[in-house]
Amino acid sequence: MKKLHVGLLPRIVIAIILGILFGNFLPTPLVRLFVTFNGIFSEFLNFSIPLIIVGLVTVAIADIGRGAGRMLLVTALIAYGATLFSGFLSYFTGITIFPSLITPGIPLEEVSEAQGILPYFSVAIPPLMNVMTALVLAFTLGLGLAGLQDNALKNAARDFQEIIVKMIGAVILPLLPIYIFGIFLNMTHSGQVFGILTVFIKIIGIIFLLHIFLLVFQYCIAALFVRKNPFRLLGRMLPAYFTALGTQSSAATIPVTLEQAKKNGVSADIAGFVIPLCATIHLSGSTLKIVACALALMIMQGMPHDFPLFAGFIFMLGITMVAAPGVPGGAIMASLGILQSMLGFDESAQALMIALYIAMDSFGTACNVTGDGAIALIIDKMTGKKINGY
């Protein structure tokens, strides 16, 4: 008999629905049980964040450091620029629209405590290092490994990366639905859930419209280089878009993205170089989602959300999420550290960020990989279809 596989998104949706339903009648001792689990899980998550950053970002930067010289630099700069543009687009749109949609002053820490409900017990799991130390260590190791001829240390780093990926896949992601269930159970128990869910629906709708606008804009820019109809170019990339909707993975969509980029006129050697690279470093859709969700939650809580604060966050986010592709939910996992250190997100806000992000995970990945085709068109035109000796 074939085993039924339920994806992460359906499990998160089921957890949210059950949390809302059970929160209306579950007795306080049982709610307290889930408060206890959430306390322990959030401690483990805080312990894991620096390890996730070191394990994933180190190898990603080491791999990016190898390649075709100047073409690598040009592709990386364009991809990073596109990621930054999406982040600032999201911020300025949100700062203009969100205040009219969101009622400020909802204290998520009170939601997390469920009006005074305390865990049965707590377990402290201090992280080995803080987030900034982990980031600097990952950048230093990654750049150093990129220049090494010997592969021994690189192989050790890849083994550690594999351990972290397995930890995310075997521990964090399977327990996330229970964690999200506990959060929404708490919110329903405290009577806050419906106001927050209403905000969620509005924010998701705006982010979806933004990511459609972003794709049209990217292909209009690419069309200026190649002098072709941007909507036809974008239309040819739709198989990659819908493949990413199903797989939720930039890496798994590479073969389709590659084929469709060639159909748009990108030469085989350029496409073979740019598409796999951009699957790692171009994260416009993910950045757009995370910035919008973070801004919405900060407005909701009445936290400071000025431009200098978010500018630094967006610049760092574009680098940190290099670790994200290939790991389900990897973008939000990689960004939890800087959400905590730069924006001051506690475990309640982080849990809501995870719920919001995973609700739109497919669309963010689809936006990322479809935009890769636009970057490939630009690089193809800039290099004159030559890769060797560039």
Report task. Determine whether more than 12 heavy atoms belonging to other residues, nucleotides or ligands lie under 6.0 Å from atom CZ of F231. Result -> no
Query raised in the report: Looking at CG of D150 and CG of L145, how far apart are the two atoms once the value is rounded to the nearest 0.5 Å?
Result: 10.5 Å
Query - Any donor-acceptor pair under 3.5 Å from Q260 side chain to A240 backbone - result: no
**Report entry** Check: T36 side chain, P119 main-chain N or O, donor-acceptor pair, under 3.5 Å
**Finding:** no
Query raised in the report: Hey, does I378 have a side-chain heavy atom less than 4.5 Å from the side chain of M382?
Result: yes
Query raised in the report: Do any N or O atoms from the side chain of K228 and from the backbone of N264 form a donor-acceptor pair under 3.5 angstrom?
Result: yes
Report task. Return the set of residues passing salt bridge (Lys or Arg N to Asp or Glu O under 4.0 Å) with E162 (not counting sequence neighbours), or none when no residue passes. Result -> K166
Query raised in the report: Does a donor on one side chain sit under 3.5 Å from an acceptor on the other, for T257 and D372?
Result: no
**Report entry** pair L343-I338: side-chain heavy atoms closer than 4.5 Å
**Finding:** no
Query raised in the report: Should L233 and V226 count as side-chain neighbours, where that means a heavy-atom distance under 4.5 Å?
Result: yes
**Report entry** Side-chain heavy-atom pair Y80, I319 within 4.5 angstrom cut-off
**Finding:** yes
Requested in this report: Indicate if I299 and I314 have the same hydrophobic cluster label, given that clusters are the connected sets of ILVMFWY residues with side-chain heavy-atom separations under 4.5 angstrom.
Outcome: yes
Report task. Measure the spacing between SG of C367 and CD1 of I212 and express it to the nearest 0.5 Å. Result -> 8.0 Å
Query raised in the report: How about F92 and F307: are their ring centres within less than 6.0 Å of each other?
Result: yes
Query raised in the report: Do F363 and K289 touch side chain to side chain, with heavy atoms closer than 4.5 Å?
Result: no
Query raised in the report: Would you say the side chain of M342 lies within less than 4.5 Å of the side chain of F310, judging by non-hydrogen atoms?
Result: no
Query raised in the report: By side chain to side chain contact (heavy atoms under 4.5 Å, CB included), which residues pair with F181, not counting sequence neighbours?
Result: A15, L18, F22, F34, L185
Query raised in the report: Is the backbone of L89 close enough, under 3.5 Å, to the side chain of T93 for a donor and an acceptor to pair up by distance?
Result: yes
**Report entry** Spatial distance of atom CG (L101) from atom CD1 (I206) [nearest 0.5 Å]
**Finding:** 4.5 Å
Query raised in the report: Does a side-chain heavy-atom distance below 4.5 Å link F98 with M300?
Result: no
Query - Donor-acceptor under 3.5 Å (K154 side chain, L148 main chain) - result: yes
Report task. Taking the side chain as every heavy atom from C-beta outward, state whether F47 and L128 have any atom pair closer than 4.5 Å. Result -> yes
Query raised in the report: Quick one: do the N368 and S284 side chains pair a donor with an acceptor below 3.5 Å?
Result: no
Report task. Please say whether more than 12 non-hydrogen atoms of neighbouring residues, nucleotides or ligands are located less than 6.0 Å from CZ in F121. Result -> no
